Amino acid sequence: MSVLELSATQLLEEMNAGHVTAVEATQAHLDRIARHDAKVGAFLRVDAEQALKTARDVDDRRRKKQPVGRLAGVPVAVKDILCARGEVVSCASRMLEHFAAPYDATVVTKLRAADAVLIGRTNLDEFAMGGSTENSAFKPTRNPWDLTRIPGGSSGGSAACVAAGFAPLAIGTDTGGSIRQPAGLCGVTGMKPTYGHVSRYGLVAFASSLDQIGPFARSAEDAALLLETIAGHDPLDSTSVHAPVPPYSEWIDQPLDDLTLGIVREHFGPGLDAEVEAVVREAVRVYESLGAKVKEISLPHSKYSIATYYIIAPCEASSNLARYDGAHYGYRTDESAMSAELADERTRLEAAGDTRGLANLDTALVRMYRRSRAEGFGPEVKRRIMLGTYALSAGYYDAYYLKALKVRRLIRQDFDRAFEEVDLIVGPVTAAPAFKIGDKVDDPLAMYLVDLYTVSANLAGIGGIAFPCGFSAAGLPIGLQLQGPPFEEDRLLRATHMFQKATDWHTRRPALP
Ligand code: GLN
């Protein structure tokens with residue numbers, strides 16, 4: 001078997017047994033990236049030199065029988081929104097195109113300590129705002145199953161990377177679905193952990209109360225391995241929680257007895273694609289055949305989740321993104337062009353005797369802020385900043401932001417009540433398989449609706465996992481989502497593994513031309 005077909009777990013076994021070296025494994029993945037990524041566009045940057053250097057070091061230590069880390073020699077791709085010291089962290093934005101991170105994110109520190117081979121930085125929607133990776137300022141990413149279609153987003157680069165076999169593992173972030181949704185659309189396993197389980201230190205903030213970092217892999221077993229490497233309390237992130245990190249990968253093979261799954265009545269309404277519904281219902285039957293009981297439940301406030309999310313997320317984004325002003329970080333407008341523009345305007349106003357216009361003329365500083373932000377941010381980011389600023393402004397704060405916070409609490413209470421009756425909630429990840437590139441770019445609302453089934457987990461702070469459970473007639477992956485009570489990642493992973501032992505959907509690979 002080629003190293004490219006091995007799971008991360010198998011690759012580790014082969015390397016530890018001395019059958020494969022980390023350099024061979026890394027080189028094989030680099031070659032595959034070189035051959036295919038021009039078509040897929042999963043990566044913004046690949047650092048072959050650094051990757052091979054880490055791999056050589058791991059091989060050296062293995063040869064000398066010195067201790068190595070948990071992921072020693074395994075290629076891992078990282079979404080280009082986590083800081084790695086000295087490297088560009090672009091967030092797929094012109095704003096940070098040349099900005100080098102001054103420190104490592106905690107997740108990156110942990111990956112380095114585990115001796116993972118950091119192979120490259122993956123594409124995303126600008127500042128993780130989007131559901132298709134078309135909002136990247138640099139290029140779209142394509143779905144490896146059909147290159148005319150989107151891979152989902154915002155972690156589309158990481159999902160496509162794992163689906164295309166460019167790396168067995170990748171890191172993504174999920175604010176409203178950005179790990180689970182692209183995992184579902186690309187046919188890989190992706191998990192959004194409970195809020196606070198993985199440190200956000202060094203993650204460039206989009207919506208701080210919703211953002212979580214999580215793993216992409218081709219199986220629950222591998223996702224468990226990556227999650228146990230990156231999770232845990234971090235004094236550098238005040239929202240990170242003192243919760244134990246169980247040995248997820250060791251426990252993964254223990255099936256769950258007396259498992260009760262909840263099916264959400266509201267998830268099977270109009271708008272759900274018939275093919276997706278049929279595949280998801282069949283997946284639920286697989287669980288029943290494995291001994292699970294299934295119960296219908298209701299999440300009555302879930303119909304407000306998109307509206308609530310699109311108030312709270314833009315509010316937090318507008319505040320978080322205020323720091324990009326041309327002075328502190330990143331892109332600054334061309335100041336000589338700006339001064340010339342200002343002088344021209346002044347001359348024109350003076351000639352017209354427009355004293356009011358002259359009095360209202362921006363100072364150079366304000367103009368610098370305005371131009372830097374106008375030129376540095378793309379349209380979706382600007383839309384979010386405007387929405388958020390509006391919803392937070394005096395007079396509207398109570399009507400929108402405060403109201404949204406109250407509904408957010410009700411959404412959480414729905415889940416709390418549901419989890420008194422069931423162990424996990426099962427349902428679709430998205431209402432339809434991957435759509436065509438360009439299909440929704442002119443319709444932001446349609447794009448927002450893509451997250452119908454995923455955003456409520458972020459609003460409630462609970463964990464969720466997505467993995468393939470079938471394919472459409474056109475050959476596109478269809479995902480299944482499980483959601484669990486806070487800090488029950490172990491249950492989510494073991495339930496996913498049960499399914500993956502009984503089926504082989506997760507083993508299918510796209511045939512790249
Ligand atoms: N698609 C959602 C949005 O655009 C979610 C993004 C995310 O999870 N980062 O906000």
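All ligand and atom numbering here is 1-based and tracks the order in the structure. Keep in mind that what you see is a predicted model, and the values were worked out from it rather than measured. One is the number of the first residue; the rest follow in order along the sequence.
A cation-pi arrangement is found for Arg281 relative to Phe268, the charged atom lying closer than 6.0 Å to the ring centre and inside a 45° cone about the ring normal.
Remark: Tyr103 OH is packed, more than 12 non-hydrogen atoms of other residues, nucleotides or ligands lying under 6.0 Å away.
Protein residues with a heavy atom closer than 4.0 Å to ligand 1 are Ala128, Met129, Gly130, Gly131, Ser154, Asp174, Thr175, Gly176, Gly177, Ser178, Phe206, Tyr309, Tyr310, Arg384, Asp451, listed by chain and number.
The heavy-atom pair separating Gln212 from His197 by the smallest distance is OE1-N, 3.8 Å.
Residues meeting the side chain to side chain donor-acceptor pair (under 3.5 Å) test with Asp234, sequence neighbours left out: Thr106, Ser199.
Residue Met191 is tested with Asp174, Ile465, Val198 for a side chain to side chain contact (heavy atoms under 4.5 Å, CB included); the sole match is Ile465.
The residues Glu420 and Arg417 are annotated as not salt-bridged, no charged nitrogen and carboxylate oxygen being separated by less than 4.0 angstrom.
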